[in-house]
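Just so it is clear, the values below take in all heavy atoms, side chains as well, and ignore hydrogens, waters and symmetry mates.
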Amino acid sequence: MSAAGEDRSGEGARLSLNPFHLAADPAAAMLSVPPVSRLSAHSLPPEVARRIVHDEVMLDGNARQNLATFVTTWMEPEGAAVMAECRDKNLIDKDEYPRTAEIERRCVAILADLWHAPDADRAVGCSTIGSSEACMLAGMAMKRRWAHRQGDRYPASARPNLVMGINVQVCWEKFCDYWEVEPRLVPMEGERFHLDPQAAADLCDENTIGVVGILGSTYDGSYEPVQELCAALDALQERTGWDVPVHVDGASGAMVAPFLDPDLVWDFRLERVVSINTSGHKYGLVYPGVGWVVWRAPEYLPDDLVFRVDYLGGTMPTFALNFSRPGSQVAAQYYVFLRLGREGFRQVQQASRDIATHLAHGIEELGDFRLLTRGDQLPAFAFTTGADVRAYDVFDVSRRLRETGWLVPAYTYPPHRQDLSVLRIVCRNGFTRDLADMLLHDLGRLLPELRRQSPHPGERPSPGTSFHHSAQRER
């Protein structure tokens, strides 16, 4: 009933409501099963829709048992709460959300200082969706600087090239393909599973836009010798005059080495290192969705790559492949920086390394496996079956561990070590000593059954049967 004297001129008009404002038809939820690959004709009550989705994802694996991923699978509740408070903020809209923009700037300054930028206040950088985008941006900057250096000497037939180890993450292969850069890959040789500095320098010429050094290979967790790489390129410049910059892909290691290996020189302390990326959602300890790239000084990021937009309420610069995205992960990164500080980060990463080396030692003690790395750089290590093991291979081990809930990837190495197939275990924050001992127990329990198998005839299964490395290396 309307109050006396109320204006009735709008009587009969319809309210502008949508299904989020009204209860859905409960009978529809009880009588029909919604289609899964097209929209249903009617709305569902929110609790029904949530239950359907919950029951689907419940069948996924347990993230804490996923030893294939480098990505964070656990944050404390306070960090998750920070993310929830910022999930509706569009990070690109710096005029509307200036404090979130300031938090992003602070994170860049913290990383520049952590990586010994000559002047952390002058270093430039930005957040990204992950290290894949960060690497793309760094590669674009190197290519543009190469083009600027060519000036009038830049012939139409010239094709820039990028030198890197064959163990690089797949995003670098994508960069070269998408931006028409020739990839020059240093192959693996013998027991060297990453880039060789001199071999990398030998592949460079006047059209080399840069060399990528990896601080923490996804194949085995090892650090590439960035300092030796820079020395080889210094010698190259003395002989030829070619000034080849270095980008450090520190997707994982750039958030480990500063705390556990402070005397290791790999960062902006080396003048030839012009940019560094990392994944905040790996050993930066934030849930998936954030990466970072930092340049040592503004002149290493060409200004003509930065766009300025004014249609969000104020003029603002932007350099990214993505535009709109939530501020959640950036706020969570700042939370982790505040929460831990240098000593807290050291303790967390040391705990992960201690568990990795403990687990590697335990696997070696089982007697059936040979360690390629021991988890004493990145908290990750690779191992293969011993020379006298004939009844089973790494793919059998991976498959049987999956039956008990453990995801331990098995894959074959690239040229020139395609004869080598390995298992890799990544230890992250949240993977405890107790869980490591449980994994050891399960692996030891499976070995007698594996040893009783009929010997393999010599032909190994395809790596795709268990784990496809380039497709699964998340960034």
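- A distance-only check finds no donor-acceptor pair linking the side chain of S279 to the backbone of G130 [under 3.5 Å].
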| request: Go through R159 and E182 one step at a time and tell me if the side chain to side chain contact (heavy atoms under 4.5 Å, CB included) criterion holds. | output: CA-CA 7 Å; R159 187 184 184 194; E182 176 194 352; 3.9 Å; yes

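- In summary, the side chains of D442 and W406 do present a donor paired with an acceptor at a separation below 3.5 Å, with no hydrogens or angles considered.
- A side-chain donor-acceptor contact under 3.5 Å links Q237 and R272.
- Note on ring orientation: taking the six-membered ring where Trp is involved, the planes of W172 and F175 are perpendicular (angle over 60°, cut-offs 30° and 60°).
- Once rounded to the nearest 0.5 Å, the distance linking CZ of R445 with CZ of R400 reads 8.0 Å.
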| query | What's the verdict on side chain to side chain contact (heavy atoms under 4.5 Å, CB included) for L446 and L401, showing C-alpha distance, side-chain angles and the deciding distance? | reply | CA-CA 8 Å; L446 292 173; L401 284 174; 3.8 Å; yes

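- Within a 6.0 Å radius of NE2 in H148, other residues, nucleotides and ligands contribute more than 12 heavy atoms.
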| query | Between Y335 and M83, does a side chain to side chain contact (heavy atoms under 4.5 Å, CB included) hold up when you go through it step by step? | reply | CA-CA 9 Å; Y335 166 83; M83 296 183 71; over 6 Å; no

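- Going from atom CG of N161 over to atom SG of C204 covers 7.0 Å, rounded to the nearest 0.5 Å.
- In summary, R374 and D376 do not engage in a salt bridge, as defined by a charged side-chain N under 4.0 Å from a carboxylate O.
- Under a 3.5 Å cut-off, the side chain of S352 and the backbone N or O of P379 do not form any donor-acceptor pair.
- Annotation for I166 and P415: closest pair CD1-O, 3.3 Å, computed over non-hydrogen atoms.
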| query | Between E104 and R106, does a salt bridge (charged side-chain N to carboxylate O under 4.0 Å, His left out) hold up when you go through it step by step? | reply | CA-CA 5 Å; E104 181 184 28; R106 292 176 187 175; over 6 Å; no

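- In summary, D177 and K174 do not engage in a salt bridge, as defined by a charged side-chain N under 4.0 Å from a carboxylate O.
- Between R325 and I129, some side-chain heavy-atom pair lies under the 4.5 Å cut-off.
- Here the side chains of V397 and V408 are not in contact, with every heavy-atom distance at 4.5 Å or above.
- Counting heavy atoms from C-beta outward, V124 and V294 have side chains that stay 4.5 Å or more apart.
- Remark: the backbone N or O of V394 is not paired with any side-chain donor or acceptor of S398 at under 3.5 angstrom.
- Inter-residue side-chain proximity for D249 and M164 is flagged as unmet; no heavy-atom pair is nearer than 4.5 Å.
- Interatomic distance, W295 CH2 to N277 CG, rounded to the nearest 0.5 Å: 9.5 Å.
- Panel note: side chain N167, backbone H194; no donor-acceptor pair is recorded below 3.5 Å.
- One N or O on the side chain of R64 and one on the backbone of G430 form a donor-acceptor pair closer than 3.5 Å.
- To the nearest 0.5 angstrom, F395 atom CZ is 10.5 Å from Y411 atom OH.
- The nearest pair of heavy atoms linking G284 to V336 is O-CG1, 3.8 Å.
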| said: For D303 and R144: C-alpha separation, side-chain torsions, deciding distance, then whether salt bridge (charged side-chain N to carboxylate O under 4.0 Å, His left out) applies. | reply: CA-CA 10 Å; D303 189 63; R144 186 60 58 89; over 6 Å; no

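- In this structure, the side chain of T100 does not engage the main chain of L91 through any donor-acceptor pair within 3.5 Å.
- Shown here is E403, whose CD atom has more than 12 heavy atoms of other residues, nucleotides or ligands within 6.0 Å.
- The shortest distance between side-chain heavy atoms of L285 and L340 falls below 4.5 Å.
- Counting heavy-atom neighbours within 6.0 Å of R87 CZ, excluding the residue itself, gives a total of 12 or less.
- Between the side chains of T412 and S421, at least one donor-acceptor pair of N or O atoms lies under 3.5 Å.
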| query | Going through the checks in order, is the salt bridge (charged side-chain N to carboxylate O under 4.0 Å, His left out) test met by R417 and E191? | reply | CA-CA 9 Å; R417 288 308 315 268; E191 293 299 297; 3.6 Å; yes

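- Side-chain atoms of S131 do not come within 3.5 Å of backbone N or O of G291 as any donor-acceptor pair.
- Under 3.5 Å, the side chains of S275 and H247 contain a donor-acceptor pair of N or O atoms.
- A distance-only check finds no donor-acceptor pair linking the side chain of E76 to the backbone of E78 [under 3.5 Å].
- Of all the heavy atoms in T373 and S222, the pair that sits closest is CG2-CB, 4.4 Å.
- Side-chain contact annotation: Y223 with D261, donor-acceptor N/O pair under 3.5 Å present.
- The closest side-chain heavy-atom distance from P258 to W115 is below 4.5 Å.
- For F259 and F345, the ring centers are positioned less than 6.0 Å apart.
- In this structure, the separation between OG1 on T404 and CE on M438 is 12.0 Å, given to the nearest 0.5 Å.
- Between V246 and C230 there is a side-chain heavy-atom pair separated by less than 4.5 Å.
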| message | Let's go through D121 and R105 carefully: what are the C-alpha distance in whole Å and the side-chain angles of both, what is the deciding distance for salt bridge (charged side-chain N to carboxylate O under 4.0 Å, His left out) to 0.1 Å, and is it a yes or a no? | response | CA-CA 10 Å; D121 292 331; R105 185 204 66 79; 5.6 Å; no

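- Atom CZ of R339 has 12 or fewer neighbouring heavy atoms from other residues, nucleotides or ligands inside a 6.0 Å radius.
- Salt-bridge formation is detected for the pair R342/D113: a Lys NZ or Arg NE/NH1/NH2 atom is positioned less than 4.0 Å from an Asp or Glu carboxylate oxygen.
- Looking at heavy atoms from C-beta onward, F431 lies in side-chain contact with L359 at the 4.5 angstrom threshold.
- A donor and an acceptor atom, one from each side chain of T385 and D393, are nowhere located under 3.5 Å apart.
- Classification of E343 and R346 as a salt-bridged pair holds, one side-chain N sitting under 4.0 Å from a carboxylate O.
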| field | Trace of the side chain to side chain contact (heavy atoms under 4.5 Å, CB included) decision for F369 with F383 | value | CA-CA 7 Å; F369 302 103; F383 59 103; 3.8 Å; yes

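- Residues E173 and Y178 have side chains that never bring a donor and an acceptor to within less than 3.5 angstrom of each other.
- Rounding to the nearest 0.5 angstrom, the gap separating the NE2 atom in H116 from the CZ atom in F268 is 11.5 Å.
- In the model, Y392 has a side-chain atom that pairs as donor or acceptor with a side-chain atom of D368 under 3.5 Å.
- Under 3.5 Å, the side chains of H281 and Q329 contain no donor-acceptor pair of N or O atoms.
- The backbone N or O of D267 sits nowhere less than 3.5 Å from a side-chain atom of R296 that would complete a donor-acceptor pair.
- No side-chain N or O of W266 forms a donor-acceptor pair with one of E224 less than 3.5 Å apart.
- In this structure, Q198 places its CD atom where more than 12 heavy-atom neighbours from other residues, nucleotides or ligands lie under 6.0 Å away.
- In terms of modelled atom types and a separation under 3.5 Å, the side chain of R122 and the main chain of A117 share no donor-acceptor contact.
- There is no side-chain donor-acceptor pair under 3.5 Å between T432 and D434.
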